[in-house]
Amino acid sequence: SEILDLIYNNGDVEKCKQDTICKRVPFMEMIIPGVQNGVEDLKKMQSPRLVKTHLPVQLLPSSFWKNNCKMIYMARNAKDVAVSYYYFYQMAKMHPEPGTWEEFLDKFMTGKVAFGSWYDHVKGWWEKRNDYRIYYLFYEDMKEDPKHEIQKLLKFLDKDLPEETVDKILYHSSFDVMKQNPYTNYTTFLKARMDLSISPFMRKGILGDWKNHFTVAQYERFEKDYEKKMKGSTLSFRSEI
Ligand SMILES: *[C@@H]1O[C@H](CO)[C@@H](O)[C@H](O)[C@H]1NC(C)=O
């Protein structure tokens with residue numbers, strides 16, 4: 001979201017500090033009565049609008065397909081998502097208690113988590129990628145070569161920015177800078193909604209943290225199940241680089 005907002009503001013960092021990331025790029029389906037309403041926030045905005053969603057492909061409102069909107073889908077390898085989600089569940093209080101890591105991993109594998117099965121989610125969007133204007137972006141590629149990925153995004157968006165602007169965007173969207181930016185680190189959220197002292201929103205931003213969490217037994221069970229669930233798909237992820 002931050003990268004796209006920076007792109008649409010031609011790298012003007014001050015403009016991107018006029019409001020929190022959740023207001024600049026509303027989270028469409030996030031509706032908490034009296035507190036936040038993504039749909040209402042979006043209605044007040046003018047085109048071109050940046051919309052954030054976590055919806056699985058089959059739940060996306062049909063107007064997105066009809067209007068041929070450009071979409072960027074960000075996917076990340078399952079094991080790192082499971083770990084990241086475990087911490088997010090603990091601090092973002094709109095979720096039920098995640099239980100132990102072992103228990104949460106079970107829920108993740110059976111799709112009993114917010115927004116459903118990771119496996120169906122990534123496959124669902126993957127299958128649509130050639131029929132619509134979908135840019136399927138891998139978190140791992142973004143970590144490996146963020147500048148190259150931003151340049152590819154610019155191409156997808158038919159945007160042309162000078163290299164110094166790209167470098168500026170690169171710097172301001174880096175993990176360390178965003179972690180210290182109150183407009184992106186969720187510090188303005190009420191503690192009752194997100195308790196950043198349990199786990200910060202910007203937690204580690206690395207690849208392969210699953211290695212610090214999975215036991216050998218969990219890894220083996222996970223991989224066996226993964227193969228079954230992803231069988232027949234051409235989609236493949238890197239869990240390390
Ligand atoms: C968010 O940014 C503010 C301002 O730089 C900083 O004081 C705070 O520690 C950051 N929060 C987290 C959780 O990193």
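Positions are given from 1 along the sequence. The analysis underlying the following values was restricted to heavy atoms, covering all of them including side chains, and did not include hydrogens, waters or symmetry mates. Numbering of ligands and ligand atoms starts at 1, following listing order.
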Every pair of nitrogen or oxygen atoms between ligand 1 and the protein that is under 3.5 angstrom apart - can you list them with their distances to 0.1 Å?
unit_1: ligand 1; atom_1: 2 (O); unit_2: Q180; atom_2: O; d: 3.4
unit_1: ligand 1; atom_1: 2 (O); unit_2: N185; atom_2: ND2; d: 2.4
unit_1: ligand 1; atom_1: 5 (O); unit_2: Q180; atom_2: O; d: 2.6
unit_1: ligand 1; atom_1: 11 (N); unit_2: N185; atom_2: ND2; d: 2.9
unit_1: ligand 1; atom_1: 14 (O); unit_2: K179; atom_2: O; d: 3.4

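Listed by first and then second residue, the side chain to side chain donor-acceptor pair (under 3.5 Å) pairs that reach into residues 16-34 are E2-R24, D5-R24, K23-D41, E29-T53, sequence neighbours excluded.
K79 pairs with exactly one of E140, E223, E240 by the salt bridge (Lys or Arg N to Asp or Glu O under 4.0 Å) rule, that one being E223.
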Evaluate the side chain to side chain donor-acceptor pair (under 3.5 Å) criterion for residues Y219 and H213: first the C-alpha distance (whole Å), next the side-chain angles of each, then the deciding distance (0.1 Å), finally the verdict. CA-CA 10 Å; Y219 173 79; H213 294 79; over 6 Å; no
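Every residue two or more places apart in sequence or in another chain was checked for a side chain to side chain donor-acceptor pair (under 3.5 Å) with D12, and none qualifies. Residues satisfying the side chain to side chain donor-acceptor pair (under 3.5 Å) criterion with D145, sequence neighbours excluded, are absent altogether.
Under a hydrophobic clustering in which Ile, Leu, Val, Met, Phe, Trp and Tyr are joined whenever their side-chain heavy atoms come within less than 4.5 Å, directly or via other members, L161 and Y171 fall into different clusters.
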